[in-house]
Amino acid sequence: MQQIPLDPSCTLSLLPQFIDTKESDKLVRKWTKELNWVQSEIFIYGKKVAIPRLNAWYGDKAYAYSGTQFAAQPWTTELAELKARIEQTSNLEFNSVLINWYRDGQDSMGWHSDDEKCLGDAPQIASLSLGESRRFIFREKSDHSNKKEMLLSNGSLLLMLGETQRLWQHSLPKTRKSIGDRVNLTFRQIEHLL
Ligand SMILES: O=C(O)CCC(=O)C(=O)O
């Protein structure tokens with residue numbers, strides 16, 4: 001596990017090959033067909049806009065994200081098995097997963113932190129990336145010029161630990177490269193019911 005310090009209280013741990021390429025390619029093919037995807041809409045300056053990606057929410061509890069309520073769908077066998085593997089590796093516990101499907105280089109995620117109230121004071125997040133590699137960028141909340149960047153490759157597991165969500169934001173920028181599907185799963189522990 002590679003340790004990438006953002007600052008003394010915020011550590012990222014990266015395991016580049018948590019899942020082998022064959023297994024992760026198979027999961028991308030299966031899940032892009034089979035999971036219950038939605039394209040959420042958010043309000044930007046009073047205008048309703050579809051977010052540039054599809055998502056699905058699985059787990060034990062409902063969740064609110066970017067102003068959208070997700071009713072949790074029950075764990076599938078595969079998702080529950082993956083959760084158990086990630087819990088064993090990370091020594092953390094999770095009761096929900098937000099899954100994002102980036103269909104091409106124009107799908108993306110803007111600057112944000114996974115710091116919703118229901119995740120508690122110091123959310124510990126495990127992020128599993130399958131399919132196309134994408135750039136992932138962190139910036140410090142108190143100094144946006146302080147940035148750290150990494151490549152999230154096929155099968156990699158990134159743990160965002162410590163105070164990362166309180167002190168840093170992250171984003172997944174668009175790319176002009178002609179690329180295909182990427183599926184990302186962020187495992188979370190919801191502490192409070194909505
Ligand atoms: O797709 C990614 O790697 C990032 C996902 C993310 O930032 C999130 O789900 O909050």
Side-chain angles (χ1 to χ4, degrees), residues 10-15 18-19 23-24 27-28 30-42 50-103 107-131 134 136 138 152 155-172 181-194:
C10 309
T11 299
L12 306 174
S13 295
L14 183 65
L15 231 170
F18 180 72
I19 288 192
E23 184 185 355
S24 65
L27 287 173
V28 170
K30 184 167 192 278
W31 284 345
T32 51
K33 282 200 200 81
E34 287 180 5
L35 295 186
N36 291 320
W37 299 104
V38 291
Q39 187 166 22
S40 306
E41 291 174 322
I42 53 169
I51 62 170
R53 61 190 174 276
L54 304 185
N55 44 44
W57 181 255
Y58 286 79
D60 306 336
K61 294 181 180 174
Y63 187 59
Y65 177 76
S66 288
T68 305
Q69 281 251 13
F70 293 91
Q73 304 175 66
W75 294 103
T76 64
T77 309
E78 259 164 357
L79 284 172
E81 278 171 15
L82 254 182
K83 175 173 99 74
R85 268 165 77 181
I86 291 173
E87 285 177 332
Q88 206 178 26
T89 300
S90 64
N91 232 349
L92 295 167
E93 277 185 18
F94 303 104
N95 59 13
S96 40
V97 62
L98 173 66
I99 313 181
N100 286 295
W101 173 12
Y102 304 88
R103 297 156 294 181
D107 274 356
S108 62
M109 170 106 53
W111 289 112
H112 70 285
S113 307
D114 300 331
D115 60 356
E116 289 81 10
K117 269 209 167 71
C118 63
L119 298 175
D121 291 338
Q124 309 296 294
I125 309 282
S127 166
L128 178 67
S129 294
L130 310 173
R134 296 285 296 256
F136 195 53
F138 286 85
L152 293 182
S156 65
L157 180 69
L158 174 70
L159 305 178
M160 296 186 261
L161 304 170
E163 304 261 45
T164 302
Q165 303 305 327
R166 193 171 69 78
L167 301 176
W168 292 75
Q169 295 179 314
H170 51 267
S171 72
L172 187 104
D181 298 306
R182 171 175 183 269
V183 172
N184 173 265
L185 300 89
T186 44
F187 289 84
R188 299 146 188 256
Q189 179 75 358
I190 297 186
E191 293 190 353
H192 319 288
L193 271 177
L194 291 172

Pairwise side-chain contact, V38 with W57, heavy-atom cut-off 4.5 Å (strictly under): no
Side chain S156, main chain L152, donor-acceptor under 3.5 Å: no
E163 (side chain) donor-acceptor with A122 (main chain) under 3.5 angstrom: no
D115/L119 under side-chain contact (heavy atoms from CB on, under 4.5 Å): CA gap, chis, key distance, verdict: CA-CA 7 Å; D115 60 356; L119 298 175; over 6 Å; no
Point-to-point distance, once rounded to the nearest 0.5 Å, from CG of L35 to OG1 of T32: 8.5 Å
Sidechain N-carboxylate O distance under 4.0 Å for E87, K83: yes
From CG (L128) to CD1 (I19), nearest 0.5 Å: 4.5 Å
Approximate separation, where rounding is to 0.5 Å, of R188 CZ and Q124 CD: 13.0 Å
Sub-4.5 Å side-chain heavy-atom contact between L172 and R182: yes
Short side-chain donor-acceptor distance under 3.5 Å, R166 and S113: no
Residue that, paired with S127, satisfies side-chain hydrogen bond (donor to acceptor under 3.5 Å, both in side chains) out of D114, T186, N100, N184: N184
K30 side, atom NZ; T76 side, atom OG1 - distance, nearest 0.5 Å: 7.0 Å
L185 vs F187 side-chain heavy atoms within contact, under 4.5 Å: yes
Sidechain-backbone polar pair: T164 side chain, C10 backbone, donor-acceptor under 3.5 Å: no
Spacing of L27 atom CG and E34 atom CD [to the nearest 0.5 Å]: 10.5 Å
F138 vs L12 side-chain heavy atoms within contact, under 4.5 Å: yes
Least distance between heavy atoms, A72 atom then G59 atom: CB-O, 3.5 Å
Residue of the set H170, Q165, Q169 for which side-chain hydrogen bond (donor to acceptor under 3.5 Å, both in side chains) holds with H112: H170
CA sep, side-chain torsions, deciding dist, call: W101, D107, side-chain contact (heavy atoms from CB on, under 4.5 Å): CA-CA 8 Å; W101 173 12; D107 274 356; 5.9 Å; no
For R103 against R53, the heavy-atom pair lying closest together: NH2-N, 3.9 Å
Shortest non-hydrogen contact from D60 toward W75: OD1-NE1, 2.9 Å
Residue pair L79 / W31, side-chain heavy-atom distance below 4.5 Å: yes
Donor-acceptor pair, side chain of Q189 and main chain of N95, under 3.5 angstrom: yes
